[in-house]
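All remarks here apply to the structure that follows.
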Number of protein chains: 2
Amino acid sequence: MSLTMALLGLLAAEPASGYQLAREFERDLGRYAWHAGHSGIYPELIRMTERGLVEVTGEGARNSRTYAVTALGRAELQAWLLAPPTGGKVRNEHVLRVFLLDALEPADGLRMLRRIAEDATCRIEELRRIRERHDRDVPEGRDALGQLAAEFGLRQFEALHSWTLWAAERLMRRQEQGGGPVSE
Amino acid sequence: MSLTMALLGLLAAEPASGYQLAREFERDLGRYAWHAGHSGIYPELIRMTERGLVEVTGEGARNSRTYAVTALGRAELQAWLLAPPTGGKVRNEHVLRVFLLDALEPADGLRMLRRIAEDATCRIEELRRIRERHDRDVPEGRDALGQLAAEFGLRQFEALHSWTLWAAERLMRRQEQGGGPVSE
DNA sequence: CACTACATGTAAACTGTTACATGATTCA
DNA sequence: TGAATCATGTAACAGTTTACATGTAGTG
């Protein structure tokens, strides 16, 4: 269901081939929202074509097919977006790691936090550069989705960074006070 | 794999029954990091017992079994936490919806953003209350994980809220300027 | 011509969800 | 004793991933 909508959303911004869509997932969408590989995308596009949600609008070199959303597809996407938020399932391995921090020795936990903080800093800088580019030439089509993603990611990584600082401080407070922290 | 680690992490904080673990997933972990239902948890606990990662340390009323991590389980968890961050898969239906915003008519998009912002505000207030409680009595065991989650969630919802404000402004800027936005 | 990137697919294995199914204990 | 909650499980189904498989076009 969600994969269907993700594809519909990408194609609503701009028609594309399965290959291009797969690359798109590796960029913004796959990073923050929904991950998918080409082997899931191609069969899904065929199913969607059968259901009339998308259609092949052209064939290019190397047997590539360009897909575009149909009116029906657009209607289904909009209906889904406006529908009451069903208890969406969350799966995020990064966040999971971060939550299990207390299972490590404090020294290891600190190392892990520092690594996460560094990584977050890199991404924040990268996203700030992307933002500047967006400020100059106002994005259209799929780049507009990229802009939404960049602004979202920027704030999220800032939040993550702020959290690592808090968590590191908490760890050090604990280390000073109570002696044996984790191990049995 | 991730479910295994999530369970190991919860049990590392405090031994528990499958039922208690399932309830735990409905709270912090399932909200932000990893969702799982009881029908996935019970079979996984049995497999983990067979692999020697956990063990049954007691049986209580109503045929309940209490599981605890073994030394091996703790070692595997720590190894996984310290391992290089494999390109973790992300699946978040909420974020997906938010990314596909541009597929809606501007008026609908604004309504959606407002709904998300309101929801975020509620959760932020809730998490602030939880934080105050944590400030009074320093959490131990599984409550410590709850504290990590609360501080993380707080920052994340603040980021989401900030993003909705930005996105709403962007939508209104677009509405003023270029006329026809989405529909073909 | 070799290598890389483009481009699409399938089958088996794995993971997770939904719906079904059962029984124990507490409380009103 | 009826209802709610605690407590555990299974089987069929749906969705994803991994590995395999194939062929095209451009570039050095």
Side-chain angles (χ1 to χ4, degrees), chain A residues 1-8 10-11 15-27 29-31 33-51 53-67 80 86-93 96, chain B residues 1-8 10-11 15-27 29-30 33-51 53-68 80 86-93 96:
Chain A
M1 184 90 269
S2 290
L3 174 58
T4 315
M5 296 308 160
L7 289 168
L8 238 32
L10 285 174
L11 291 174
S17 68
Y19 187 81
Q20 288 175 297
L21 290 167
R23 305 203 63 194
E24 209 60 41
F25 271 96
E26 279 170 25
R27 297 193 49 168
L29 217 56
R31 260 208 220 306
W34 204 266
H35 177 273
H38 80 274
S39 61
I41 292 170
Y42 288 122
E44 182 62 27
L45 282 171
I46 293 170
R47 278 193 295 272
M48 286 165 74
T49 307
E50 284 161 5
R51 287 175 55 196
L53 302 176
V54 296
E55 59 187 352
V56 176
T57 56
E59 312 209 353
R62 283 173 261 204
N63 305 323
S64 79
R65 273 174 302 266
T66 303
Y67 290 88
W80 182 77
T86 66
K89 327 284 186 193
V90 172
R91 292 258 155 82
N92 192 322
E93 208 177 292
L96 177 61
Chain B
M1 184 89 272
S2 290
L3 174 58
T4 317
M5 294 308 159
L7 289 168
L8 238 32
L10 286 174
L11 291 175
S17 68
Y19 186 82
Q20 288 175 297
L21 290 167
R23 306 204 63 194
E24 208 60 40
F25 271 96
E26 279 171 25
R27 297 194 49 170
L29 218 56
W34 205 266
H35 176 272
H38 79 273
S39 60
I41 293 170
Y42 289 121
E44 181 62 27
L45 283 171
I46 292 170
R47 279 193 294 271
M48 287 164 74
T49 308
E50 283 161 6
R51 287 174 56 196
L53 301 176
V54 297
E55 59 187 351
V56 177
T57 57
E59 312 208 353
R62 283 172 262 207
N63 305 324
S64 80
R65 260 152 301 178
T66 303
Y67 289 88
W80 182 78
T86 67
K89 327 284 186 194
V90 172
R91 291 259 156 79
N92 192 323
E93 209 177 291
L96 178 61

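For the numbers below, each heavy atom of this structure counts, side chains included, while hydrogens, waters and symmetry mates do not. Letters go in sequence order (proteins before strands), and every chain restarts at 1.
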Just call it for Arg23(B): base, sugar-phosphate, or nothing, with non-hydrogen atoms closer than 4.0 Å on any strand. sugar-phosphate
Would you mind classifying the nucleic acid contact of Ser64(A) as base, sugar-phosphate or nothing, using non-hydrogen atoms under 4.0 angstrom? sugar-phosphate
Contact boundaries of DNA chain D with chain A (under 4.0 Å, heavy atoms), 5' to 3'? dT16(D) to dA25(D)
Which pair of non-hydrogen atoms, one from Met1(A) and one from Trp80(A), has the smallest distance, and what is that distance? CG-NE1, 4.2 Å
Could you pick out which residue, Gly40(B) or Arg62(A), lies toward the 5' side of DNA chain D when each is mapped onto its nearest nucleotide? Gly40(B)
Closest-nucleotide ordering on DNA chain D, the 5'-leading residue of Asn63(A) and Met1(A): Met1(A)
Would you sort out whether Ile46(A) and Glu50(A) count as a side chain to side chain contact (heavy atoms under 4.5 Å, CB included), showing the intermediate values? CA-CA 6 Å; Ile46(A) 293 170; Glu50(A) 284 161 5; 3.7 Å; yes
Nucleotide [N], atom [atom2] - distance to [atom1] of [X] in whole Å:
X	N	atom1	atom2	result
Glu24(A)	dC6(C)	CD	P	13 Å
Ile41(A)	dC6(C)	CD1	C1'	15 Å
Trp34(B)	dT17(C)	CH2	C1'	14 Å
Tyr42(B)	dA19(C)	OH	C1'	16 Å
Leu45(B)	dG16(C)	CG	P	13 Å
Leu3(A)	dT15(C)	CG	C1'	16 Å
Met5(B)	dG16(C)	CE	P	12 Å

Does dC6(C) have its OP1 or OP2 closer than 4.0 Å to a side-chain nitrogen or oxygen of His38(A)? no
Phosphate oxygens OP1/OP2 of dG16(C): is one of them under 4.0 Å from a side-chain N or O of Arg47(B)? no
Pick one: which of Val54(A), Leu21(A), Leu7(A), Thr49(A) meets side-chain contact (heavy atoms from CB on, under 4.5 Å) with Glu44(A)? Leu7(A)
What pairs with Arg62(A) under salt bridge (Lys or Arg N to Asp or Glu O under 4.0 Å), at least two apart in sequence or on another chain? none
Would you check if Leu10(B) and Ile41(B) make a side-chain contact, meaning some heavy-atom pair closer than 4.5 Å? no
What's the verdict on side chain to side chain contact (heavy atoms under 4.5 Å, CB included) for Met48(A) and Thr4(A), showing C-alpha distance, side-chain angles and the deciding distance? CA-CA 8 Å; Met48(A) 286 165 74; Thr4(A) 315; 3.9 Å; yes
Glu55(B) vs Tyr67(B), test: side chain to side chain contact (heavy atoms under 4.5 Å, CB included). Steps then yes/no. CA-CA 5 Å; Glu55(B) 59 187 351; Tyr67(B) 289 88; over 6 Å; no
